[in-house]
Amino acid sequence: MPWPDDAMKQQSQPPADGEVDLEVRDVSKDYDGFRALDHVDLTVRKGELISLLGPSGCGKTTLLRSIAGLVDPSQGSIRIKGKENVGVAPHLRNVGFVFQSYALFPHMTVRDNVGFGLKMRGEKRAQIDPAIDRALETVKMHHLAHRYPGELSGGQQQRIAIARSLVLNPTLLLLDEPFAALDRALRDHMQMEVKALQRRLGITTLFVTHDQDEALRISDRIAVMNAGKIEQIDSPVGLYRNPRTPFVLNFIGKSNVFSGKVLQAGEGGATIDLGGHVTKIPSPANARLASGDSAMISVRPERIAADSAPPRAGEMGIPARVTDAVFLGGSMELHLRSAISEQPIVISRQSGDPSGLHEGSEVWLSWQPSDVLTFPASSSPGAEP
Amino acid sequence: MTRSVSGARWAPAALAGPGAAFMILAFVTPVVILAASSFLDTGKQLTLAHYWRFFSEPQYLVTLWNSLRLAFYTTLVAILLAYPLAYAMATLGSAWRNTILIVTILPLTISVVIRSFGWQILLRNGGPINQSLMALGIIDEPLRLMFSETGVIIGLVHVYLPFMVLPLASAIERIDGRLEEAAMMLGASAFRRFIHVILPLSVPGLAAGATLVFTASISAYVTPALLGGEFIQVMPTMVAQQVLTLMDWTFGSAVSVILTVVSLAVLVVHWAFAARFTNWTSRAEAAK
């Protein structure tokens, strides 16, 4: 089972060249002894759609609000189009901010909401009116211009909130948990719509989310945050394939984690003993292994093969028993018990998989060495997402 | 809120009975008697003479005008003082909130009579306020604060400020703090955030507070009597004078009825506007 490398390649790296729209350098924020942001660095290029992903309290919203100017960082530099913005008033940063609750003015019509920023800038009516029309056209909300926010659905309110930011032609569009208030069906729809809009306008966009699926669906790159730091920033595929820390491993997708002892390590890879069963691994990029070390390895659910026939001599095959089969629509998940892990092992299969595995089936598990991710045993698995 | 425990509807009604009866006896009855006697002459014949007398005598109209003006200024000053207090209460932490709450409502625990004597000491020509202002060289001779309109307004504002601060604070508290941040992101200065966001969205609290302060201060008796004295006659002091000093019950009744009608008119205006305000606030609720 090869990884679909080529198909994903164009997404896996940030555009290497192109203008830098946002440069966050060494930004920290302390609140009464609590460090909300801890030496954060982040570079965003023009036109990118970046998500700040992490559990609540990881600092993602503080980072977004620092970029907007709603929070003053304790130290560090925030440059927008090369210009230092720490200490600059929020409205002078040319940044659009969409709040989680949308924060539409309930006593103003949609038109007045969208025109508010232009009015504050002192623009003339003759300029404001066509600008409002264009912004409403952009989000396809022209027909509701005279409604009040309370008369709109959540998705419509969100579009108005976006239009209210876009009308000022911001350099950056910042969205705080933009889809959290929407129900599931509408959320999926709005994610795609916002992504399409972002692509069409080419506007550099950052959004905060705690939902890994959402981040994976629409981001060019994801900055995974934990305890005030960016643990890793990479494309969705890059994060999934090469999580650099156990925290990222656990936060992006499901994984099976095993601990074992290094039997032998060399240039071409290593062999690891998982309680009597041996697996080969490639040389890990982020861990130096010597024989006798403990190691933590991980294999994604869809990279584990389950055979109902025992392995031939010299091949890998870890005996396991299916304890549960969970139907998920297009795919299914099998939970297995095995001597090598206290936690149930999770593997995934296409629905209608012909192998006919069911509760109680005895199987032998195996995987390719290249599908194994290795972490130094000292690193803890981190918080569950 | 209607609960349908079958056959038990008489119970709340019966329990509400004593309170309702008390209110009817203690409030409605005197008002009816008062209103009735204002239309009677000495021979118990129906007449509009008392009202005619009130509206044809300039001195009485001045009294009505005094009352309206004092209540208006009191309400205006209360609004100006209450907004910063209410805003601080609603947006700063709970320590601030409680401090302001205590400072605002503590005077309510002291009788208005005692407070008015306190103001007499503070406001008189040789009192601390005038002495301080003269010592600082701001004024050369004492300001006439006692027995003047200014003194009465100061006293009334002190008494009725809590009735403005509390509804206003609860209205501002209900405004989503993100609205102000959104306005800030869109370039609104602190002043324009107040004008475009806080003010319109706190109108329900403002209207409730203004109605309370206006109706309370137009019918206040103790403060105008003790701080204004003979020098500024208002409707309640006039009623007291007619009834207690001149023993003219029927004319006093007519003046009372006029005062009540003015207060009711303010309430009606409030209710009429309240319908519009409710639209805004219900939209605000729905938008959440």
Side-chain angles (χ1 to χ4, degrees), chain A residues 61 64-65 67-71 89-110 112-123 147-154 156-158 160-168 170 172-177 181, chain B residues 83 86-87 90-96 167-168 170-208 210 270 272-288:
Chain A
T61 297
L64 197 78
R65 291 169 67 82
I67 297 165
L70 295 169
V71 164
H91 67 281
L92 301 175
R93 298 183 176 206
N94 206 21
V95 158
F97 197 100
V98 176
F99 291 85
Q100 183 176 354
S101 56
Y102 316 129
L104 296 175
F105 305 122
H107 55 298
M108 297 181 199
T109 62
V110 164
D112 290 341
N113 264 282
V114 174
F116 188 82
L118 295 167
K119 192 170 150 193
M120 292 302 113
R121 282 187 180 179
E123 305 261 351
R147 296 272 185 93
Y148 284 87
E151 300 164 344
L152 303 179
S153 71
Q156 291 169 333
Q157 289 185 35
Q158 179 171 57
I160 299 307
I162 291 172
R164 186 173 67 174
S165 293
L166 290 179
V167 78
L168 298 175
L172 294 178
L173 182 61
L174 309 177
L175 304 109
D176 186 9
E177 297 268 4
Chain B
Y83 253 112
Y87 186 79
T91 55
L92 299 178
S94 60
W96 276 92
L168 210 47
S170 90
I172 294 175
E173 219 159 66
R174 262 176 281 155
I175 301 173
D176 182 359
R178 307 281 152 153
L179 293 180
E180 262 201 281
E181 286 188 338
M184 192 198 292
M185 291 298 308
L186 295 168
S189 61
F191 176 71
R192 293 175 107 180
R193 292 201 291 277
F194 176 78
I195 295 295
H196 291 290
V197 179
I198 300 298
L199 183 63
L201 292 175
S202 61
V203 159
L206 177 66
H270 174 213
F273 275 97
R276 280 189 59 184
F277 303 149
T278 318
N279 275 341
W280 281 357
T281 38
S282 59
R283 282 195 198 110
E285 297 294 324
K288 272 182 191 170

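Owing to the predicted nature of the structure, the values given are computational and were not obtained by experimental measurement. All values below come from the heavy atoms of this structure, side chains included, with hydrogens, waters and symmetry mates left out. Protein chains get the first letters and strands the later ones, always in sequence-line order, with residue 1 at the start of each.
At a heavy-atom cut-off of under 4.5 Å, chain A is reached by B:Leu186, B:Gly187, B:Ala188, B:Arg192, B:His196 from residues 186-196 of chain B, listed in order of number.
Rounding to the nearest 0.5 angstrom, the gap separating the CG atom in B:Asp176 from the CZ atom in A:Phe105 is 10.5 Å. A distance of 9.5 Å separates CD in B:Glu181 from CG in A:Asp176, rounded to the nearest 0.5 Å.
For a residue to count as touching a neighbouring chain, one of its non-hydrogen atoms must lie under 4.5 Å from one of that chain's; by this rule A:Arg65 touches chain B with the side chain only. Both the backbone and the side chain of A:Val95 come within less than 4.5 Å of a heavy atom of chain B.
Here the shortest heavy-atom pairing between A:Leu70 and B:Met184 reads CD2-SD, 4.1 Å.
Here A:His91 pairs with nothing under the ring pair (Phe, Tyr, Trp, His ring centres under 6.0 Å) rule; sequence neighbours left out. Judged as a side chain to side chain contact (heavy atoms under 4.5 Å, CB included), and not counting sequence neighbours, the contacts of A:Ala103 are A:Phe99, A:Arg164, B:Arg178, B:Leu179, B:Ala182.
Residues in residues 97-109 of chain A take part in no salt bridge (charged side-chain N to carboxylate O under 4.0 Å, His left out) pair, two or more places apart or across chains.
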